[in-house]
Q: 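Before I ask anything, let me first share the structure, which is written out below as structure tokens.
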Amino acid sequence: MMIFLRKAVYSVILLLFLLISSCGVKMNAVVAHRGAWKKNNLPENSIAALRRAIDLKLAGSEFDVWRTADDSLVINHDAHYNKLLIEETNYASLIKFKLANGEQLPTFNEYIKEGKRSNKNTLLVCEIKPSTISKERGKMTALKVVETIKKLKAEKITVYISFDYDILKQIRSVDTKASLQYLEGNKSPKEVKADQINGIDYHYSVFKKHPEWIKEAKENNIILNVWTVNDTVEMNWIIAHQFNFITTNEPELLIERLQSEK
């Protein structure tokens, strides 16, 4: 009974966090870009970097997903891993090469399970990479990602982001409640709202070019996320404009800046 109640309370807390964020109440929440890797000298997108982000109680930890030639979902930023094109390589061939800390290239399944473990604060910000092979393959990868998230019961702590707008629209077609953010920077908040996309997650240079989109997003209850904010000058500008989320390679530095503002 106690275990059931704990799980119920945990689910309610995370749901409230998402609802608060989408309504624009939560401001300047820190998202670790590819995990909290830099200060800790960890490989990007490693399970260790994810765990560090969770231990820091950050609002989110971003990571990147690809699908291998034999349909395994793996976590890696670039299209290539150890000079092998992930989409044209079987998983067994990829894991012959370890990450710098000795970890095996993480599967999506392993990564999400770790993301759920002892985690009461950190959203899993899942970037689905556009396919290097075809648009349709990218959309199929998105469906496989969503299927896995639902199987692992991680929907409430997952946010999907992508540079491929069709990937986000594909997810929306199968999941009306998924939290979606667009990365490319070529659509206004009103445009993404029309397609039932919850947020815009653009490079800070886009918002400097289109400062009116900050106001427009807030007026339309569109989540404002920004990447990748690594130096104090850009941090100060973003903090002053009250974004919902700030994605950074320097989460510890950003936390210091936010505390100094208080």
Q: Using a 6.0 Å cut-off, check whether atom NZ of K153 has over 12 heavy atoms from anything other than its own residue.
A: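 No, not enclosed.
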Q: Between E191 and S188 (side chain of the first, backbone of the second, donor and acceptor by atom type, cut-off under 3.5 Å), is there such a pair?
A: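 Here the side-chain-to-backbone pair exists.
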Q: Should E103 and K98 count as an ion pair when the cut-off is N to O under 4.0 Å?
A: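 Looking at E103 and K98, the cut-off is not met.
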Q: Give a yes or no on whether the backbone of K209 and the side-chain of W213 come within a donor-acceptor separation of less than 3.5 Å.
A: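 Flag not set: sc W213 to bb K209 has no pair under 3.5 Å.
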Q: Where the side chain of K177 meets the backbone of K156, is there a donor-acceptor pair that is under 3.5 Å apart?
A: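 It does not hold such a pair.
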Q: For the CG atom of L183 and the CG atom of D201, what is their distance to the nearest 0.5 Å?
A: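 So the CG of L183 and the CG of D201 are separated by 5.0 Å.
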Q: Is the closest basic N to carboxylate O distance between E114 and R51 below 4.0 Å?
A: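 The answer is yes: the pair qualifies as a salt bridge.
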Q: What I want to find out is whether E216 reaches K193 closely enough, with some N-O distance under 4.0 Å, to be called a salt bridge.
A: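 Looking at K193 together with E216, the answer is no, because their closest N to O distance does not fall below 4.0 Å.
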Q: What's the spacing between T158 OG1 and L124 CG if we round to 0.5 Å?
A: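 Rounded to the nearest 0.5 Å, the OG1-CG separation comes to 5.0 Å.
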Q: Rounded to the nearest 0.5 Å, how far does CD1 of I149 lie from CG of D175?
A: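 Rounded to the nearest 0.5 Å, the CG-CD1 separation comes to 10.5 Å.
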Q: Answer yes or no for K187 and Y165: cation-pi contact, defined as NZ/CZ to six-membered ring centre under 6.0 Å and angle to ring axis within 45°.
A: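 Judged by the rule, K187 and Y165 form a cation-pi pair.
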Q: Is it the case that the side chain of N119 and the backbone of I54 share a donor-acceptor pair, with hydrogens and angles ignored and the cut-off at 3.5 Å?
A: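 No, N119 side chain to I54 backbone: no donor-acceptor pair under 3.5 Å.
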Q: Give, for atom CD1 of I128 and atom OG1 of T141, the distance between the pair rounded to the nearest 0.5 Å.
A: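 The distance works out to 8.0 Å.
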Q: Heavy-atom count around K208 NZ within 6.0 Å, excluding the residue itself: above 12?
A: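 For K208, atom NZ is crowded (more than 12 foreign heavy atoms under 6.0 Å).
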Q: Using atom types as modelled and distance alone, determine if a side-chain donor or acceptor of D64 lies under 3.5 Å from a backbone N or O of E127.
A: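 Such a contact is absent between D64 side chain and E127 backbone.
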Q: Output the distance between atom CD (E234) and atom CG (L254), rounded to the nearest 0.5 Å.
A: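 Nearest 0.5 Å value for the CD-CG distance: 12.5 Å.
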Q: Strictly below 4.0 Å, N to O, side chains only: are D71 and K144 in salt-bridge contact?
A: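 A salt bridge is absent here (no side-chain N lies under 4.0 Å from a carboxylate O).
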Q: Using a strict 4.0 Å threshold on nitrogen-to-oxygen distance, state whether R257 and E261 make a salt bridge.
A: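 Yes.
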Q: May I ask you to say whether D164 pairs ionically with K135, meaning some side-chain N is under 4.0 Å from a carboxylate O?
A: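 Salt bridge: yes.
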Q: Is it the case that the ring center of F243 lies less than 6.0 angstrom away from the ring center of F207?
A: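 Distance test on ring centres: under 6.0 Å, yes.
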Q: Can you tell whether the side chains of E212 and K215 come within less than 4.0 Å, N to carboxylate O?
A: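 K215 and E212: not salt-bridged.
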Q: For residues Y81 and T89, determine if any side-chain heavy atom of one lies less than 4.5 Å from a side-chain heavy atom of the other.
A: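 Contact flag for Y81/T89 side chains = no.
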Q: Can a salt bridge be assigned to the pair E250 and K38 using a cut-off of 4.0 Å between side-chain N and carboxylate O?
A: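 Yes.
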Q: Which distance, rounded to the nearest 0.5 Å, do you find between the CG of N40 and the CG of D55?
A: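 Reported to 0.5 Å precision, the distance equals 9.5 Å.
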